[in-house]
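First up is the structure itself, then whatever we jot down about it.
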There are 2 protein chains.
Amino acid sequence: MVKRTPKRIDYEKELRRQGVRITRQRSVILAILSETEDHPDALEIFRRASAEDPSISLSTVYRTMKLLGDMGAIHRHAFEGGPSRFEHAGGDHHDHLIDIETGDVIEFKSDRIEQLQDEIAKSLGYDIVHHRLELYGRKRRAG
Amino acid sequence: MVKRTPKRIDYEKELRRQGVRITRQRSVILAILSETEDHPDALEIFRRASAEDPSISLSTVYRTMKLLGDMGAIHRHAFEGGPSRFEHAGGDHHDHLIDIETGDVIEFKSDRIEQLQDEIAKSLGYDIVHHRLELYGRKRRAG
DNA sequence: TTTGGTTTTGCAACTGACTGTCAACTGGCC
DNA sequence: GGCCAGTTGACAGTCAGTTGCAAAACCAAA
């Protein structure tokens with residue numbers, strides 16, 4: 001497995017090209033998403049956005065996350081027992097290991113697992129459209 | 001991968017042994033769970049239970065699912081874009097392939113994938129407590 | 001078998017995470 | 001700068017599930 005390399009993307013240009021109107025609110029949210037390395041939920045994004053622009057509403061955050069999800073600019077993850085968390089879609093595909101004690105999310109990738117998934121789906125007569133692989137674990141105590 | 005063998009379990013005795021009071025409602029729900037081969041959600045269980053005992057309430061279904069989940073008698077699956085679905089915990093561990101057109105759930109198992117997951121977690125300094133692997137796919141059109 | 005004291009239940013009100021409605025506002029092509 | 005479809009904030013509504021409470025029901029003990 002391989003840790004993903006951070007990557008700062010210029011969403012605005014690309015989204016504008018796709019006909020998306022870039023409002024002040026969207027601009028603020030996009031900046032937050034492109035800068036963050038973690039996986040914030042809507043409320044956290046709202047909090048960070050409010051610091052930039054106190055007039056922004058939570059509805060707008062939700063609407064924007066939905067829009068960006070549909071445009072493929074971000075990925076939504078519904079980890080167990082919590083609200084959806086988001087990340088920008090810039091990097092290459094990866095899965096997640098969630099620290100059940102801290103909620104931290106670690107990204108990993110395994111071509112071998114992906115390949116096995118394809119084989120399994122094929123043997124059952126299916127084509128995979130997408131998948132979800134999440135490991136929930138606890139940090140090993142040293143010693 | 002291997003399809004799981006159906007298995008009818010006597011929950012009542014085991015639960016009673018663990019100090020769980022077996023009420024009329026729980027008995028009905030347990031019978032439904034032990035007989036079904038699919039992955040019903042709370043509302044569907046409620047519907048089936050209502051046929052047995054019209055006085056049963058949806059709250060009781062939810063409460064019972066929570067209790068049985070905590071006792072380890074059933075597994076709860078929160079597949080994408082829908083309510084939790086349940087299955088009895090009798091069989092051996094498996095993952096799920098969800099038909100995105102019909103909602104059908106197919107069970108599969110891959111020791112190789114499990115093994116790779118363990119290796120990945122270990123290499124990241126974690127012990128896996130549990131995991132979630134779901135393939136979302138479309139049936140391949142013959143021809 | 002009756003009793004008694006927890007537990008559990010049904011109902012209804014509540015919660016969290018969104019989604020929809022609508023009048024007011026505003027990007028961005030002209 | 002003007003226009004106007006697209007977007008926003010406020011807030012009501014939805015959906016899945018949880019919770020408070022008085023009444024009912026387990027089931028261990030007598």
Side-chain angles (χ1 to χ4, degrees), chain A residues 11-32 39-71 73-86 103, chain B residues 11-32 39-71 73-86 103:
Chain A
Y11 286 118
E12 298 200 9
K13 199 163 70 181
E14 177 58 18
L15 285 168
R16 212 175 238 117
R17 214 183 50 71
Q18 295 185 53
V20 173
R21 203 176 273 194
I22 303 301
T23 63
R24 178 172 35 83
Q25 296 83 336
R26 287 181 182 169
S27 197
V28 169
I29 292 171
L30 287 168
I32 289 166
H39 299 67
D41 60 23
L43 205 56
E44 177 58 25
I45 292 168
F46 171 65
R47 273 191 283 263
R48 296 185 198 175
S50 295
E52 281 307 296
D53 172 0
S55 79
I56 204 166
S57 78
L58 183 54
S59 306
T60 294
V61 173
Y62 278 118
R63 275 189 291 237
T64 303
M65 301 328 282
K66 183 186 238 275
L67 173 77
L68 297 178
D70 292 346
M71 303 298 300
I74 60 170
H75 291 309
R76 169 192 301 257
H77 303 294
F79 299 135
E80 280 184 359
S84 291
R85 299 171 64 168
F86 305 91
Chain B
Y11 286 118
E12 298 200 10
K13 199 164 70 181
E14 176 57 19
L15 286 168
R16 211 174 238 118
R17 214 184 50 71
Q18 294 184 55
V20 173
R21 209 176 267 198
I22 302 301
T23 62
R24 180 172 35 82
Q25 296 81 335
R26 288 182 180 167
S27 198
V28 169
I29 292 171
L30 287 168
I32 290 167
H39 299 68
D41 60 22
L43 205 56
E44 176 58 25
I45 292 167
F46 171 65
R47 273 190 283 264
R48 297 184 197 175
S50 296
E52 280 308 296
D53 172 0
S55 80
I56 204 166
S57 78
L58 184 53
S59 309
T60 294
V61 173
Y62 278 119
R63 275 189 289 236
T64 304
M65 300 328 282
K66 185 186 237 277
L67 172 77
L68 297 179
D70 291 347
M71 304 298 298
I74 60 170
H75 291 308
R76 168 191 302 258
H77 303 294
F79 298 135
E80 282 184 2
S84 291
R85 299 171 63 169
F86 305 90

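Sequence lines set the chain letters: A, B, ... in the order given, protein chains first and strands last, and positions in each chain run from 1.
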Rounded to whole angstrom units, what separation is found between the [atom1] atom of [X] and the [atom2] atom of [N]?
X       : N      : atom1 : atom2 : result
A/Arg26 : C/dG27 : CZ    : P     : 11 Å
A/Ile56 : D/dT7  : CD1   : P     : 14 Å
B/Arg85 : D/dA16 : CZ    : C1'   : 15 Å
A/Ile29 : D/dT8  : CD1   : C1'   : 11 Å
B/Lys66 : C/dT9  : NZ    : P     : 14 Å
B/Met65 : D/dT18 : CE    : P     : 11 Å
A/Met71 : D/dT7  : CE    : P     : 10 Å
B/Asp53 : C/dT8  : CG    : P     : 17 Å

Inset, instruction - Kindly write out the residues that satisfy ring pair (Phe, Tyr, Trp, His ring centres under 6.0 Å) with A/Phe79, not counting sequence neighbours, or none if the list is empty. - result: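 Testing A/Phe79 for ring pair (Phe, Tyr, Trp, His ring centres under 6.0 Å), a comparison that skips the adjacent residues, returns A/His77, A/His96.
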
Inset, instruction - Check whether any side-chain heavy atom of B/Met65 sits under 4.5 Å from a side-chain heavy atom of B/Ile45, and report yes or no. - result: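 They are in contact (side-chain heavy atoms under 4.5 Å apart), so the answer is yes.
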
Legend entry - Side-chain heavy atoms of A/Arg24 within contact of A/Asp53, under 4.5 Å: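 The answer is yes; the side chains approach within 4.5 Å.
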
Pairwise N/O distances under 3.5 Å, protein to nucleotides 28-30 of chain C:
from   : atom 1 : to      : atom 2 : distance (Å)
C/dG28 : OP1    : A/Ile22 : N      : 2.9
C/dG28 : OP2    : A/Arg16 : NH2    : 3.2

Legend entry - Minimum heavy-atom distance B/Phe86-B/Ile74, with the two atoms named: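 Of all heavy-atom pairs spanning B/Phe86 and B/Ile74, the closest is CD2-CD1, 3.7 Å.
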
Inset, instruction - Check A/Ile22 against A/Leu30 and note the closest heavy-atom contact, atom names and distance. - result: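 Between these two residues, the closest heavy atoms are CD1-CD1, 4.3 Å.
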
Which residues pass the side-chain hydrogen bond (donor to acceptor under 3.5 Å, both in side chains) test with [X], not counting sequence neighbours?
X       : result
B/Ser84 : B/Arg76
A/Arg47 : A/Glu44
A/Glu80 : B/His130

Inset, instruction - Mark yes or no for a side-chain to base donor-acceptor pair under 3.5 Å between B/Arg63 and D/dG17, with no hydrogen or angle criteria applied. - result: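 Counting by modelled atom types and ignoring angles, no donor-acceptor contact under 3.5 Å is found here.
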
Inset, instruction - Kindly determine whether A/Arg26 and A/Leu15 satisfy side-chain contact (heavy atoms from CB on, under 4.5 Å), including the steps that lead there. - result: CA-CA 11 Å; A/Arg26 287 181 182 169; A/Leu15 285 168; over 6 Å; no

Legend entry - Presence of B/Thr60 side-chain N/O under 4.0 Å of C/dG10 phosphate oxygens OP1/OP2: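 Answer yes for this pair, as a side-chain N or O of B/Thr60 is under 4.0 Å from OP1 or OP2.
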
Inset, instruction - Establish, with yes or no, whether the OP1 or OP2 oxygen of C/dG10 is under 4.0 angstrom from a side-chain nitrogen or oxygen of B/Gln25. - result: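 Yes.
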
Report each atom pair, protein N/O against N/O of nucleotides 12-18 of chain C, whose distance is under 3.5 angstrom.
from   : atom 1 : to      : atom 2 : distance (Å)
C/dA12 : N6     : B/Ser59 : OG     : 3.2
C/dC18 : OP1    : A/Ser84 : OG     : 3.3
C/dC18 : OP2    : A/Ser84 : N      : 3.4

